[in-house]
Amino acid sequence: MHIPDGFLGVPMSLGMGLIAAGAVSFALRQAALEQPLPSPEDSFEDSFQDSSGNVSALSSPGFSSLAREELSIEAGAPVAGLLAAFVFAAQMLNFPVAAGTSGHLIGAALTAVLIGPSLGIVCMTIVVVLQAFVFADGGLTAVGANLINLAVIPVLASTVLFRLLRRVTGRSPYGVSLAAAITATVSVLLAATAFFIEFSLGGSVSLDTASFAQSLFGIHLLIGLGEGAATAAIIGTIAKTRPDLLGDSLSQDCFLEDSNRTAPPRQMSLEAGLFRGEKSKGRR
Amino acid sequence: MPGNTLLHQMPAQCKILAAILLAGAIVTTPRKAFWAFTCHLILLLFLLLAGHVPWSHARGRLLIDLPFLVAASALPFVGTGPRVEVLGLSLSIEGNWGAWNIAAKSLLGVITALVLTATTTPRDLITGFERLRVPRALTLIAHFMLRYLDLVIGQFSRLRVARISRGHNPHFFWQARAVAVTAGTVFVRTFERGERLQQVMLSRGFQGTFPPGPNNKSPDRQDWTGALFPSFCAWSVTIIALVLH
(Lines give C-alpha, C1' and ligand atoms only; values in the text may rest on other atoms or scores of the structure.)
Protein backbone atom coordinates (compact mmCIF):
# COMPACT_ATOMS: atom_id res chain seq x y z
CA MET A 1 0.00 0.00 0.00
CA HIS A 2 2.80 2.44 0.77
CA ILE A 3 4.18 4.07 -2.37
CA PRO A 4 7.98 3.75 -2.57
CA ASP A 5 10.37 6.21 -4.19
CA GLY A 6 10.27 6.28 -7.97
CA PHE A 7 6.58 5.50 -8.56
CA LEU A 8 5.55 9.13 -8.86
CA GLY A 9 7.28 11.86 -10.82
CA VAL A 10 8.96 14.79 -9.11
CA PRO A 11 6.21 17.41 -9.65
CA MET A 12 3.53 15.07 -8.34
CA SER A 13 5.59 14.15 -5.27
CA LEU A 14 6.23 17.80 -4.46
CA GLY A 15 2.62 18.81 -5.05
CA MET A 16 1.29 16.01 -2.89
CA GLY A 17 3.78 16.94 -0.19
CA LEU A 18 2.46 20.50 -0.12
CA ILE A 19 -1.18 19.41 -0.09
CA ALA A 20 -0.49 16.89 2.66
CA ALA A 21 1.34 19.48 4.78
CA GLY A 22 -1.62 21.83 4.45
CA ALA A 23 -4.17 19.14 5.26
CA VAL A 24 -2.26 17.88 8.28
CA SER A 25 -1.71 21.32 9.74
CA PHE A 26 -5.42 22.04 9.27
CA ALA A 27 -6.24 18.77 11.02
CA LEU A 28 -3.89 19.68 13.87
CA ARG A 29 -5.61 23.00 14.34
CA GLN A 30 -9.01 21.33 14.23
CA ALA A 31 -7.94 18.69 16.72
CA ALA A 32 -6.85 21.42 19.12
CA LEU A 33 -10.13 23.33 18.69
CA GLU A 34 -12.42 20.35 18.91
CA GLN A 35 -10.90 18.94 22.08
CA PRO A 36 -12.00 15.43 21.30
CA LEU A 37 -10.06 14.09 24.25
CA PRO A 38 -11.37 14.55 27.78
CA SER A 39 -10.39 17.98 28.96
CA PRO A 40 -7.83 17.35 31.67
CA GLU A 41 -8.42 20.51 33.68
CA ASP A 42 -12.09 19.83 34.18
CA SER A 43 -11.70 16.27 35.26
CA PHE A 44 -8.87 17.12 37.59
CA GLU A 45 -10.50 19.95 39.41
CA ASP A 46 -13.82 18.20 39.59
CA SER A 47 -12.45 14.96 40.84
CA PHE A 48 -10.19 16.55 43.38
CA GLN A 49 -12.92 18.74 44.74
CA ASP A 50 -15.36 15.89 44.75
CA SER A 51 -13.11 13.48 46.52
CA SER A 52 -11.54 15.62 49.18
CA GLY A 53 -13.92 18.55 49.45
CA ASN A 54 -11.22 21.20 49.23
CA VAL A 55 -9.18 22.43 46.32
CA SER A 56 -5.94 20.54 46.08
CA ALA A 57 -2.50 21.86 45.26
CA LEU A 58 -2.90 20.88 41.64
CA SER A 59 -5.43 23.58 40.90
CA SER A 60 -3.09 26.31 42.14
CA PRO A 61 -2.52 29.21 39.72
CA GLY A 62 0.67 27.64 38.45
CA PHE A 63 -1.20 24.64 37.15
CA SER A 64 -4.29 26.28 35.77
CA SER A 65 -2.44 29.19 34.20
CA LEU A 66 -1.43 26.90 31.35
CA ALA A 67 -3.21 28.10 28.27
CA ARG A 68 -6.22 25.95 27.56
CA GLU A 69 -5.60 25.59 23.87
CA GLU A 70 -2.03 24.61 24.61
CA LEU A 71 -3.17 21.96 27.02
CA SER A 72 -5.87 20.52 24.86
CA ILE A 73 -3.83 18.61 22.33
CA GLU A 74 -0.53 18.37 24.13
CA ALA A 75 -1.98 17.11 27.35
CA GLY A 76 -4.05 14.73 25.28
CA ALA A 77 -0.86 13.44 23.67
CA PRO A 78 -0.66 10.29 25.82
CA VAL A 79 -4.08 9.04 24.65
CA ALA A 80 -3.41 10.03 21.05
CA GLY A 81 0.05 8.47 21.21
CA LEU A 82 -1.31 5.19 22.48
CA LEU A 83 -3.98 5.20 19.77
CA ALA A 84 -1.25 5.71 17.19
CA ALA A 85 0.70 2.86 18.78
CA PHE A 86 -2.42 0.70 18.50
CA VAL A 87 -2.84 1.50 14.81
CA PHE A 88 0.84 0.81 14.24
CA ALA A 89 0.71 -2.51 16.09
CA ALA A 90 -2.55 -3.49 14.38
CA GLN A 91 -0.89 -2.91 11.02
CA MET A 92 1.62 -5.58 11.96
CA LEU A 93 -1.22 -7.98 12.66
CA ASN A 94 -1.85 -10.10 9.62
CA PHE A 95 -5.34 -11.24 8.85
CA PRO A 96 -5.70 -14.47 6.95
CA VAL A 97 -7.44 -13.64 3.66
CA ALA A 98 -7.29 -17.03 1.99
CA ALA A 99 -5.09 -20.06 2.52
CA GLY A 100 -1.54 -18.80 2.31
CA THR A 101 -2.15 -15.11 1.69
CA SER A 102 -2.79 -12.46 4.26
CA GLY A 103 -3.50 -8.78 4.40
CA HIS A 104 -3.08 -6.26 7.15
CA LEU A 105 -5.21 -3.53 8.59
CA ILE A 106 -4.76 0.07 7.46
CA GLY A 107 -6.85 1.48 10.25
CA ALA A 108 -8.01 4.74 8.68
CA ALA A 109 -11.71 3.89 8.96
CA LEU A 110 -11.18 2.54 12.46
CA THR A 111 -9.56 5.73 13.71
CA ALA A 112 -12.15 7.88 11.94
CA VAL A 113 -15.00 6.02 13.66
CA LEU A 114 -13.35 5.91 17.07
CA ILE A 115 -11.64 9.25 17.50
CA GLY A 116 -13.06 11.49 14.78
CA PRO A 117 -11.60 12.96 11.61
CA SER A 118 -9.08 15.52 12.84
CA LEU A 119 -7.40 13.45 15.53
CA GLY A 120 -7.69 10.43 13.23
CA ILE A 121 -5.71 12.23 10.55
CA VAL A 122 -3.11 13.28 13.12
CA CYS A 123 -2.66 9.70 14.37
CA MET A 124 -2.52 8.22 10.87
CA THR A 125 -0.03 10.91 9.85
CA ILE A 126 2.35 9.93 12.61
CA VAL A 127 1.99 6.26 11.74
CA VAL A 128 2.67 6.84 8.02
CA VAL A 129 5.62 9.20 8.57
CA LEU A 130 7.29 6.97 11.13
CA GLN A 131 6.79 3.95 8.89
CA ALA A 132 8.67 5.77 6.17
CA PHE A 133 11.46 7.08 8.41
CA VAL A 134 11.88 4.29 10.95
CA PHE A 135 10.89 1.18 9.00
CA ALA A 136 11.70 2.30 5.44
CA ASP A 137 8.13 1.39 4.45
CA GLY A 138 7.11 3.92 1.80
CA GLY A 139 9.53 6.28 0.07
CA LEU A 140 10.90 9.41 1.71
CA THR A 141 9.90 11.47 -1.33
CA ALA A 142 6.47 9.83 -1.51
CA VAL A 143 5.50 10.69 2.08
CA GLY A 144 3.15 13.41 0.85
CA ALA A 145 1.27 11.11 -1.50
CA ASN A 146 1.16 8.38 1.13
CA LEU A 147 -0.29 10.81 3.65
CA ILE A 148 -2.99 11.86 1.20
CA ASN A 149 -3.82 8.26 0.27
CA LEU A 150 -3.63 6.60 3.67
CA ALA A 151 -4.37 9.36 6.16
CA VAL A 152 -6.30 12.29 4.72
CA ILE A 153 -8.66 10.84 2.10
CA PRO A 154 -9.70 7.59 3.84
CA VAL A 155 -10.21 9.24 7.23
CA LEU A 156 -12.29 12.11 5.84
CA ALA A 157 -14.32 9.86 3.56
CA SER A 158 -14.85 7.34 6.35
CA THR A 159 -16.16 10.02 8.67
CA VAL A 160 -18.73 11.25 6.18
CA LEU A 161 -19.74 7.81 5.01
CA PHE A 162 -20.00 6.37 8.50
CA ARG A 163 -22.26 9.19 9.64
CA LEU A 164 -24.53 8.65 6.65
CA LEU A 165 -24.61 4.86 6.92
CA ARG A 166 -25.27 4.98 10.65
CA ARG A 167 -28.68 6.44 9.91
CA VAL A 168 -29.55 3.59 7.58
CA THR A 169 -28.18 0.70 9.63
CA GLY A 170 -29.37 1.95 13.00
CA ARG A 171 -27.38 2.41 16.16
CA SER A 172 -27.37 -1.07 17.58
CA PRO A 173 -23.96 -2.76 17.96
CA TYR A 174 -24.64 -4.80 14.81
CA GLY A 175 -25.80 -1.79 12.83
CA VAL A 176 -22.71 0.18 13.80
CA SER A 177 -20.48 -2.77 12.91
CA LEU A 178 -22.14 -3.12 9.52
CA ALA A 179 -21.75 0.60 8.83
CA ALA A 180 -18.09 0.37 9.87
CA ALA A 181 -17.53 -2.61 7.57
CA ILE A 182 -18.92 -0.84 4.51
CA THR A 183 -17.05 2.33 5.43
CA ALA A 184 -13.73 0.52 5.76
CA THR A 185 -14.14 -1.32 2.44
CA VAL A 186 -14.98 1.89 0.62
CA SER A 187 -12.12 3.75 2.29
CA VAL A 188 -9.59 1.23 0.96
CA LEU A 189 -11.07 1.51 -2.54
CA LEU A 190 -10.90 5.31 -2.28
CA ALA A 191 -7.24 5.10 -1.28
CA ALA A 192 -6.63 2.94 -4.35
CA THR A 193 -8.55 5.47 -6.49
CA ALA A 194 -6.41 8.30 -5.15
CA PHE A 195 -3.29 6.34 -6.04
CA PHE A 196 -4.72 5.61 -9.48
CA ILE A 197 -5.35 9.31 -10.13
CA GLU A 198 -1.90 10.31 -8.86
CA PHE A 199 -0.22 7.65 -10.93
CA SER A 200 -2.20 8.47 -14.08
CA LEU A 201 -1.50 12.19 -13.79
CA GLY A 202 2.05 12.19 -12.47
CA GLY A 203 3.35 8.65 -12.53
CA SER A 204 6.82 7.82 -13.77
CA VAL A 205 5.51 5.52 -16.53
CA SER A 206 2.46 5.54 -18.80
CA LEU A 207 0.39 2.40 -18.66
CA ASP A 208 -2.56 0.82 -20.35
CA THR A 209 -5.19 2.41 -18.13
CA ALA A 210 -7.79 -0.35 -18.34
CA SER A 211 -5.60 -3.28 -17.35
CA PHE A 212 -3.83 -1.22 -14.68
CA ALA A 213 -7.15 -0.20 -13.14
CA GLN A 214 -8.40 -3.77 -13.31
CA SER A 215 -5.48 -5.26 -11.41
CA LEU A 216 -5.26 -2.37 -8.96
CA PHE A 217 -8.93 -2.42 -7.99
CA GLY A 218 -9.10 -6.20 -8.04
CA ILE A 219 -6.39 -6.48 -5.42
CA HIS A 220 -7.74 -3.61 -3.37
CA LEU A 221 -11.26 -4.97 -3.37
CA LEU A 222 -9.90 -8.04 -1.59
CA ILE A 223 -7.84 -5.92 0.79
CA GLY A 224 -10.89 -3.71 1.38
CA LEU A 225 -13.13 -6.65 2.21
CA GLY A 226 -10.56 -7.86 4.72
CA GLU A 227 -10.29 -4.37 6.17
CA GLY A 228 -14.09 -4.18 6.40
CA ALA A 229 -14.41 -7.50 8.21
CA ALA A 230 -11.61 -6.61 10.61
CA THR A 231 -12.94 -3.14 11.35
CA ALA A 232 -16.46 -4.47 11.90
CA ALA A 233 -15.25 -7.09 14.34
CA ILE A 234 -13.12 -4.59 16.26
CA ILE A 235 -15.96 -2.07 16.45
CA GLY A 236 -18.35 -4.85 17.46
CA THR A 237 -16.08 -5.86 20.34
CA ILE A 238 -15.76 -2.28 21.50
CA ALA A 239 -19.54 -1.79 21.29
CA LYS A 240 -19.96 -4.72 23.63
CA THR A 241 -17.20 -3.97 26.13
CA ARG A 242 -16.83 -0.18 26.21
CA PRO A 243 -19.84 1.33 24.41
CA ASP A 244 -19.00 4.75 25.83
CA LEU A 245 -15.95 4.90 23.54
CA LEU A 246 -18.27 4.95 20.55
CA GLY A 247 -20.09 7.98 21.90
CA ASP A 248 -23.18 8.97 19.96
CA SER A 249 -22.68 6.22 17.38
CA LEU A 250 -24.61 3.88 19.61
CA SER A 251 -28.15 4.55 20.73
CA GLN A 252 -28.56 5.36 24.38
CA ASP A 253 -30.54 2.28 25.40
CA CYS A 254 -28.03 -0.27 24.19
CA PHE A 255 -25.34 1.84 25.79
CA LEU A 256 -27.04 1.50 29.19
CA GLU A 257 -27.82 -2.17 28.76
CA ASP A 258 -24.33 -3.07 27.67
CA SER A 259 -22.49 -0.93 30.14
CA ASN A 260 -24.46 -2.52 32.97
CA ARG A 261 -23.65 -5.96 31.73
CA THR A 262 -19.96 -5.35 31.42
CA ALA A 263 -19.35 -3.07 34.34
CA PRO A 264 -16.17 -4.68 35.76
CA PRO A 265 -13.62 -3.55 33.16
CA ARG A 266 -14.48 0.07 33.80
CA GLN A 267 -13.26 -0.05 37.38
CA MET A 268 -9.77 -1.23 36.87
CA SER A 269 -8.16 0.44 39.82
CA LEU A 270 -9.03 2.85 42.56
CA GLU A 271 -6.93 5.62 41.08
CA ALA A 272 -8.42 5.21 37.65
CA GLY A 273 -11.89 5.15 39.18
CA LEU A 274 -11.20 8.38 41.04
CA PHE A 275 -10.62 10.32 37.87
CA ARG A 276 -13.49 8.78 36.01
CA GLY A 277 -16.11 10.78 37.92
CA GLU A 278 -17.48 13.36 35.51
CA LYS A 279 -15.45 12.46 32.52
CA SER A 280 -17.57 10.07 30.53
CA LYS A 281 -19.98 12.89 29.81
CA GLY A 282 -17.46 14.85 27.82
CA ARG A 283 -15.77 11.91 26.23
CA ARG A 284 -16.50 10.88 22.72
CA MET B 1 21.24 0.04 15.69
CA PRO B 2 23.69 1.09 18.38
CA GLY B 3 27.06 2.30 17.25
CA ASN B 4 29.56 5.05 17.62
CA THR B 5 30.49 5.97 14.08
CA LEU B 6 30.62 9.46 12.64
CA LEU B 7 27.13 8.92 11.22
CA HIS B 8 25.75 7.91 14.62
CA GLN B 9 27.16 11.01 16.28
CA MET B 10 25.72 13.45 13.80
CA PRO B 11 22.71 15.46 15.05
CA ALA B 12 19.48 13.86 13.86
CA GLN B 13 18.03 16.96 12.21
CA CYS B 14 21.06 17.14 9.87
CA LYS B 15 20.63 13.50 8.95
CA ILE B 16 16.88 13.82 8.31
CA LEU B 17 17.36 16.76 5.98
CA ALA B 18 20.28 15.05 4.26
CA ALA B 19 18.26 11.85 3.73
CA ILE B 20 15.32 13.74 2.23
CA LEU B 21 17.65 15.64 -0.11
CA LEU B 22 19.42 12.44 -1.07
CA ALA B 23 16.12 10.70 -1.84
CA GLY B 24 15.11 13.74 -3.89
CA ALA B 25 18.31 13.50 -5.92
CA ILE B 26 17.67 9.81 -6.57
CA VAL B 27 14.09 10.39 -7.71
CA THR B 28 15.07 13.28 -9.99
CA THR B 29 17.73 11.25 -11.81
CA PRO B 30 16.69 10.66 -15.44
CA ARG B 31 15.93 6.99 -15.92
CA LYS B 32 18.30 6.39 -18.81
CA ALA B 33 21.37 7.58 -16.89
CA PHE B 34 22.65 4.19 -15.74
CA TRP B 35 25.99 5.65 -14.69
CA ALA B 36 24.23 8.11 -12.37
CA PHE B 37 22.36 5.29 -10.63
CA THR B 38 25.66 3.46 -10.25
CA CYS B 39 27.17 6.57 -8.63
CA HIS B 40 24.22 6.80 -6.22
CA LEU B 41 24.57 3.12 -5.36
CA ILE B 42 28.30 3.47 -4.67
CA LEU B 43 27.63 6.50 -2.49
CA LEU B 44 24.96 4.64 -0.50
CA LEU B 45 27.12 1.54 -0.10
CA PHE B 46 29.90 3.78 1.19
CA LEU B 47 27.46 5.30 3.70
CA LEU B 48 26.31 1.83 4.78
CA LEU B 49 29.94 0.90 5.42
CA ALA B 50 30.66 4.17 7.17
CA GLY B 51 27.68 3.61 9.47
CA HIS B 52 28.72 0.00 10.23
CA VAL B 53 25.27 -1.25 9.22
CA PRO B 54 25.30 -5.03 9.63
CA TRP B 55 24.24 -7.02 6.58
CA SER B 56 21.74 -9.08 8.58
CA HIS B 57 19.93 -5.89 9.54
CA ALA B 58 20.06 -4.42 6.06
CA ARG B 59 18.75 -7.59 4.44
CA GLY B 60 15.59 -7.62 6.56
CA ARG B 61 14.82 -4.02 5.71
CA LEU B 62 15.53 -4.48 2.02
CA LEU B 63 12.87 -7.19 1.86
CA ILE B 64 10.26 -4.43 2.21
CA ASP B 65 11.08 -3.48 -1.36
CA LEU B 66 10.34 -6.96 -2.70
CA PRO B 67 6.58 -6.53 -3.40
CA PHE B 68 7.32 -3.39 -5.40
CA LEU B 69 9.95 -5.16 -7.44
CA VAL B 70 7.33 -7.80 -8.22
CA ALA B 71 4.82 -5.10 -9.15
CA ALA B 72 7.41 -3.37 -11.31
CA SER B 73 8.17 -6.62 -13.14
CA ALA B 74 4.56 -6.62 -14.41
CA LEU B 75 4.98 -3.24 -16.10
CA PRO B 76 6.66 -4.50 -19.31
CA PHE B 77 3.52 -6.54 -20.02
CA VAL B 78 0.95 -3.80 -19.39
CA GLY B 79 2.94 -0.83 -20.70
CA THR B 80 1.82 1.18 -23.74
CA GLY B 81 3.61 2.19 -26.90
CA PRO B 82 5.86 0.24 -29.27
CA ARG B 83 6.75 -3.29 -28.24
CA VAL B 84 9.86 -5.39 -28.54
CA GLU B 85 10.27 -9.17 -28.76
CA VAL B 86 12.46 -10.69 -26.05
CA LEU B 87 12.68 -14.48 -25.80
CA GLY B 88 9.30 -14.83 -27.45
CA LEU B 89 7.61 -12.39 -25.10
CA SER B 90 6.15 -9.12 -26.37
CA LEU B 91 7.36 -6.41 -24.01
CA SER B 92 6.54 -2.72 -24.06
CA ILE B 93 9.64 -0.53 -24.38
CA GLU B 94 8.03 2.15 -22.26
CA GLY B 95 7.07 -0.51 -19.71
CA ASN B 96 10.64 -1.79 -19.58
CA TRP B 97 11.97 1.65 -18.83
CA GLY B 98 9.23 2.17 -16.25
CA ALA B 99 10.05 -1.10 -14.53
CA TRP B 100 13.76 -0.29 -14.43
CA ASN B 101 13.01 3.22 -13.17
CA ILE B 102 10.79 2.04 -10.33
CA ALA B 103 13.01 -0.88 -9.36
CA ALA B 104 16.18 1.22 -9.25
CA LYS B 105 14.70 4.24 -7.50
CA SER B 106 12.69 2.31 -4.92
CA LEU B 107 15.71 0.17 -4.03
CA LEU B 108 18.01 3.20 -3.69
CA GLY B 109 15.30 4.98 -1.70
CA VAL B 110 14.98 2.08 0.73
CA ILE B 111 18.77 2.05 1.20
CA THR B 112 18.70 5.79 1.92
CA ALA B 113 16.07 5.32 4.63
CA LEU B 114 18.02 2.34 5.90
CA VAL B 115 21.18 4.40 6.39
CA LEU B 116 19.16 7.00 8.29
CA THR B 117 17.35 4.58 10.59
CA ALA B 118 20.31 2.30 11.22
CA THR B 119 22.37 5.20 12.55
CA THR B 120 19.64 7.11 14.42
CA THR B 121 17.55 5.93 17.36
CA PRO B 122 13.82 6.60 16.99
CA ARG B 123 14.00 8.97 19.93
CA ASP B 124 16.76 11.03 18.32
CA LEU B 125 14.78 10.97 15.10
CA ILE B 126 11.79 12.56 16.80
CA THR B 127 14.01 15.09 18.55
CA GLY B 128 15.40 15.86 15.11
CA PHE B 129 11.91 16.45 13.75
CA GLU B 130 11.24 18.71 16.73
CA ARG B 131 14.33 20.76 15.88
CA LEU B 132 13.15 20.98 12.29
CA ARG B 133 10.04 22.74 13.62
CA VAL B 134 7.55 19.98 13.07
CA PRO B 135 4.51 20.97 15.22
CA ARG B 136 5.10 19.93 18.81
CA ALA B 137 1.76 18.15 19.03
CA LEU B 138 2.91 15.72 16.34
CA THR B 139 6.29 15.02 17.88
CA LEU B 140 4.77 14.58 21.33
CA ILE B 141 2.25 12.06 20.10
CA ALA B 142 5.03 10.30 18.22
CA HIS B 143 7.11 10.18 21.43
CA PHE B 144 4.29 8.47 23.30
CA MET B 145 3.63 6.17 20.40
CA LEU B 146 7.21 4.91 20.25
CA ARG B 147 7.41 4.54 24.02
CA TYR B 148 4.39 2.30 24.17
CA LEU B 149 4.64 0.57 20.81
CA ASP B 150 6.60 -2.38 22.20
CA LEU B 151 4.06 -2.81 24.94
CA VAL B 152 1.10 -2.85 22.55
CA ILE B 153 2.88 -5.25 20.21
CA GLY B 154 3.66 -7.40 23.24
CA GLN B 155 -0.01 -7.54 24.15
CA PHE B 156 -0.90 -8.55 20.63
CA SER B 157 1.68 -11.32 20.58
CA ARG B 158 0.70 -12.64 24.04
CA LEU B 159 -2.93 -12.81 22.94
CA ARG B 160 -1.83 -14.55 19.76
CA VAL B 161 -0.04 -17.20 21.78
CA ALA B 162 -3.13 -17.52 23.97
CA ARG B 163 -5.37 -17.98 20.91
CA ILE B 164 -3.13 -20.55 19.31
CA SER B 165 -2.79 -22.52 22.52
CA ARG B 166 -6.58 -22.70 22.63
CA GLY B 167 -6.86 -24.28 19.23
CA HIS B 168 -6.87 -21.25 16.94
CA ASN B 169 -5.47 -21.96 13.51
CA PRO B 170 -4.91 -18.67 11.72
CA HIS B 171 -4.96 -19.91 8.16
CA PHE B 172 -8.53 -19.51 7.12
CA PHE B 173 -10.74 -16.54 6.60
CA TRP B 174 -13.46 -17.68 9.01
CA GLN B 175 -10.94 -17.62 11.82
CA ALA B 176 -10.22 -13.95 11.27
CA ARG B 177 -12.99 -13.11 13.70
CA ALA B 178 -10.92 -14.25 16.65
CA VAL B 179 -8.03 -12.06 15.51
CA ALA B 180 -10.33 -9.09 15.20
CA VAL B 181 -11.89 -9.63 18.63
CA THR B 182 -8.36 -9.71 20.02
CA ALA B 183 -7.68 -6.41 18.31
CA GLY B 184 -10.84 -4.94 19.85
CA THR B 185 -9.78 -6.06 23.31
CA VAL B 186 -6.31 -4.60 22.84
CA PHE B 187 -7.86 -1.35 21.63
CA VAL B 188 -9.93 -0.99 24.78
CA ARG B 189 -6.93 -1.78 26.96
CA THR B 190 -4.71 0.63 25.03
CA PHE B 191 -7.26 3.42 25.30
CA GLU B 192 -7.64 2.87 29.03
CA ARG B 193 -3.89 2.83 29.45
CA GLY B 194 -3.73 6.11 27.57
CA GLU B 195 -6.31 7.67 29.87
CA ARG B 196 -4.45 6.54 32.97
CA LEU B 197 -1.14 7.73 31.53
CA GLN B 198 -2.63 11.11 30.73
CA GLN B 199 -3.84 11.63 34.28
CA VAL B 200 -0.57 10.40 35.73
CA MET B 201 1.59 12.61 33.51
CA LEU B 202 -0.53 15.67 34.27
CA SER B 203 -0.56 15.05 37.99
CA ARG B 204 3.24 14.95 37.89
CA GLY B 205 3.45 18.30 36.20
CA PHE B 206 3.81 17.28 32.56
CA GLN B 207 3.57 20.39 30.43
CA GLY B 208 4.02 18.95 27.00
CA THR B 209 7.80 18.62 26.69
CA PHE B 210 10.18 15.75 27.06
CA PRO B 211 13.80 16.09 28.05
CA PRO B 212 15.91 15.66 24.90
CA GLY B 213 17.80 12.42 24.36
CA PRO B 214 21.49 11.95 25.14
CA ASN B 215 22.56 12.75 21.58
CA ASN B 216 21.26 16.30 21.42
CA LYS B 217 24.15 18.66 20.77
CA SER B 218 23.08 21.52 18.57
CA PRO B 219 24.68 21.24 15.15
CA ASP B 220 27.49 23.57 14.16
CA ARG B 221 28.62 24.43 10.67
CA GLN B 222 30.86 21.37 10.52
CA ASP B 223 27.96 19.01 11.28
CA TRP B 224 25.82 20.51 8.56
CA THR B 225 28.61 20.35 5.98
CA GLY B 226 29.41 16.78 6.93
CA ALA B 227 25.79 15.65 6.80
CA LEU B 228 24.89 17.44 3.61
CA PHE B 229 28.06 16.46 1.73
CA PRO B 230 26.69 13.09 0.45
CA SER B 231 23.47 14.79 -0.66
CA PHE B 232 25.53 17.43 -2.40
CA CYS B 233 27.47 14.72 -4.26
CA ALA B 234 24.24 12.97 -5.26
CA TRP B 235 22.70 16.20 -6.51
CA SER B 236 25.81 17.03 -8.54
CA VAL B 237 25.56 13.63 -10.21
CA THR B 238 21.86 14.13 -10.86
CA ILE B 239 22.32 17.60 -12.32
CA ILE B 240 25.09 16.40 -14.63
CA ALA B 241 22.82 13.53 -15.71
CA LEU B 242 19.94 15.91 -16.31
CA VAL B 243 22.12 18.12 -18.49
CA LEU B 244 23.52 15.19 -20.47
CA HIS B 245 20.22 13.40 -21.14
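Each chain gets a letter, A, B and so on, in the order the sequences are listed, and its residues count up from 1. Scope of the values below: all heavy atoms of this structure, side chains included, with no hydrogens, waters or symmetry mates.
A donor-acceptor pair is defined here as one N or O able to donate and one able to accept, closer than 3.5 Å; no such pair exists between the side chain of B/Lys15 and the backbone of B/Gly128.
Interface remark: B/Ala104 contributes no atoms to any contact with chain A (heavy atom separation under 4.5 Å). Using a 4.5 Å cut-off between heavy atoms, A/Leu8 contacts chain B through its backbone alone, with no side-chain atom that close. Contacts of B/Ile153 with chain A are made by both backbone and side-chain atoms, with heavy-atom separations under 4.5 Å. With a 4.5 Å cut-off on non-hydrogen atoms, A/Ala142 does not touch chain B at all. Within the 4.5 angstrom heavy-atom criterion, atoms from both the backbone and the side chain of B/Leu149 approach chain A. Proximity to chain B is absent for every atom of A/Val143, based on heavy atoms less than 4.5 angstrom apart.
Comparing B/Leu138, B/Thr185, B/Leu146 by heavy-atom pairs within less than 4.5 Å of chain A, the highest count is held by B/Leu138. Per-residue heavy-atom pair counts under 4.5 Å with chain A were compared for B/Phe187, B/Phe129, B/Tyr148, and the maximum is reached by B/Phe187.
Between atom CD1 of residue A/Ile238 and atom CG of residue A/Leu110 there is a gap of 6.0 Å, rounded to the nearest 0.5 Å.
Partner of A/Phe133 under the side chain to side chain contact (heavy atoms under 4.5 Å, CB included) criterion, out of B/Thr120, B/Ile126, B/Ile20: B/Ile20 alone.
In summary, the side chains of B/Arg160 and B/Thr182 do not present any donor paired with an acceptor at a separation below 3.5 Å, with no hydrogens or angles considered. Side-chain polar atoms of A/Asp5 and B/Ser106 form no donor-acceptor pair below 3.5 angstrom.
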| Is there a side-chain contact (heavy atoms from CB on, under 4.5 Å) between A/Phe88 and A/Val134 once you walk through the steps? | CA-CA 12 Å; A/Phe88 207 113; A/Val134 181; over 6 Å; no
